[in-house]
Amino acid sequence: MTALLDLLGAALLAAGSAFLMFGALGLLRMPDIYNRLQAGTKATTLGTLLVLAGAACLRPEWWPKLLLIGLFLLFTNPLSSQVLARAAHRTGAPRSPLTRIDQLEERGGGGS
Amino acid sequence: MVEGLLYLTAALGATAFLLALGRFIRGPSAADRVAAFDVLTIISITGIVLAALAEGRGIYLDVALVYALLSFLGVITVAHYLERSV
């Protein structure tokens with residue numbers, strides 16, 4: 001039972017850091033700031049949550065703190081990414097030429 | 001098997017850190033650098049959790065939580081500053 005849980009935890013850790021690696025690769029390869037933000041935020045959030053789940057499998061007595069870190073990241077990561085994207089849009093960051101629709105600009109600069 | 005997977009985890013995490021650091025160095029605009037910084041802090045939180053596992057000390061998880069809080073506040077502050085300085 002413990003060996004099975006160890007194996008599951010190690011597999012979750014490896015999968016999580018693979019997601020982290022692909023997210024960072026997307027951050028390096030994507031053409032403009034908005035694509036970079038969405039690659040860098042979504043993939044790394046999933047990767048960190050998987051790593052936290054794997055750590056909870058390896059050390060079951062740590063689950064409250066790991067759950068707290070996971071919930072905190074789940075709430076704050078999209079928020080910081082959205083604030084950063086809005087700041088980039090307001091400072092007129094260059095868009096990729098493949099971008100066709102900009103609903104924020106159609107509504108007149110977006111909010112407030 | 002478990003040992004190999006843990007080494008793979010460490011290698012992939014280090015690769016992720018180096019790739020995000022590449023965008024942090026190259027990044028043409030300040031917003032790119034802040035996005036790369038955000039990703040770097042998320043990878044560092046994972047690294048702290050992995051260090052807690054490797055050392056077997058649960059107190060490092062508190063460090064990870066405070067680090068997550070401070071990096072979130074830092075990114076919000078810098079984004080606010082970028083918006084005001086148009």
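Numbered from 1 within each chain, the chains take letters A, B, ... in sequence-line order. This is a predicted model, so every value here is computed, not measured.
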Under 4.5 Å, counting heavy-atom pairs only, tell me which of B:Thr15, B:Leu21, B:Leu69 racks up the most with chain A. B:Leu69
Side chain from CB out, backbone as N, CA, C, O: work out which of these in B:Ala52 comes under 4.5 Å of a heavy atom of chain A, or both, or neither. both
Hydrophobic cluster identity match, A:Leu68 and A:Leu66, side-chain contacts under 4.5 Å: yes
Which pair of non-hydrogen atoms, one from B:Gly22 and one from A:Leu28, has the smallest distance, and what is that distance? C-CD1, 3.8 Å
Between B:Val34 and chain A, with a heavy-atom cut-off of 4.5 Å, which part of the residue counts as in contact: side chain, backbone, both or neither? both
Say whether A:Phe19 and B:Ile42 are linked into one hydrophobic cluster, either directly or through other cluster members, by side-chain heavy-atom distances under 4.5 angstrom. no
Single-linkage hydrophobic cluster B:Tyr7~A:Leu13, side-chain heavy atoms < 4.5 angstrom: no
I want to check something: taking the side chain as every heavy atom from C-beta on, are A:Val83 and B:Val75 in contact at a cut-off of under 4.5 Å? no
Please report the shortest heavy-atom distance between A:Ala11 and B:Leu5, naming the atom on each side. N-CD1, 3.8 Å
Using a 3.5 Å distance criterion without hydrogens, assess whether the side chain of B:Arg23 forms a donor-acceptor pair with backbone atoms of A:Leu27. yes
Cluster check A:Leu20, B:Phe37: I/L/V/M/F/W/Y, side chain < 4.5 angstrom: yes
Which one wins on heavy-atom pair count under 4.5 Å against chain A: B:Leu12, B:Val78, B:Leu8? B:Leu12
Note: A:Ala24 and B:Ala16 closest approach over all heavy atoms is CB-O, 3.3 Å
May I have the list of side-chain donor-acceptor pairs in residues 54-65 of chain B shorter than 3.5 Å, sequence neighbours left out?
unit_1	atom_1	unit_2	atom_2	d
B:Asp62	OD1	A:Lys65	NZ	3.4
B:Asp62	OD2	A:Lys65	NZ	3.4

Cluster overlap B:Met1 with A:Leu12, hydrophobic side-chain contacts below 4.5 Å: no
Between A:Gly9, A:Ala14, A:Gly26, the one whose heavy-atom pairs under 4.5 Å with chain B are most numerous: A:Ala14
In Å and rounded to the nearest 0.5 Å, what is the CG to CD distance from A:Leu84 to B:Glu83? 9.5 Å
Heavy atoms of B:Val49 and A:Ala55 approach each other most closely as CG1-CB, 3.9 Å
Find the distance between CZ (A:Arg86) and NE2 (B:His80) and round it off to the nearest 0.5 Å. 9.5 Å
Excluding sequence neighbours, so at least two apart, what forms side chain to side chain contact (heavy atoms under 4.5 Å, CB included) with B:Phe72? A:Thr76, A:Leu79, A:Ser80, B:Ile76
So CZ of A:Arg29 and CG of B:Leu19: to nearest 0.5 Å the spacing works out to 10.5 Å
Rounded to the nearest 0.5 Å, what separates atom CZ in A:Phe72 from atom CD1 in B:Ile45? 8.5 Å
Out of curiosity, A:Ser17 OG to B:Leu50 CG, how far, rounded to the nearest 0.5 Å? 7.5 Å
If the contact rule is any heavy atom under 4.5 Å from chain B, which residues of residues 43-53 of chain A qualify, in numerical order? A:Thr44, A:Thr48, A:Val51, A:Leu52
Taking side chain as everything from C-beta outward and backbone as N, CA, C, O, which of these in A:Leu73 sits under 4.5 Å from a heavy atom of chain B? Side chain, backbone, both or neither. side chain
Excluding sequence neighbours, so at least two apart, what forms side chain to side chain contact (heavy atoms under 4.5 Å, CB included) with A:Arg59? A:Glu61, A:Trp62, B:Leu53
What part of B:Val2 lies closer than 4.5 angstrom to a heavy atom of chain A: side chain, backbone, both or neither? both
Where does B:Asp38 contact chain A at under 4.5 Å (heavy atoms): side chain, backbone, both or neither? side chain
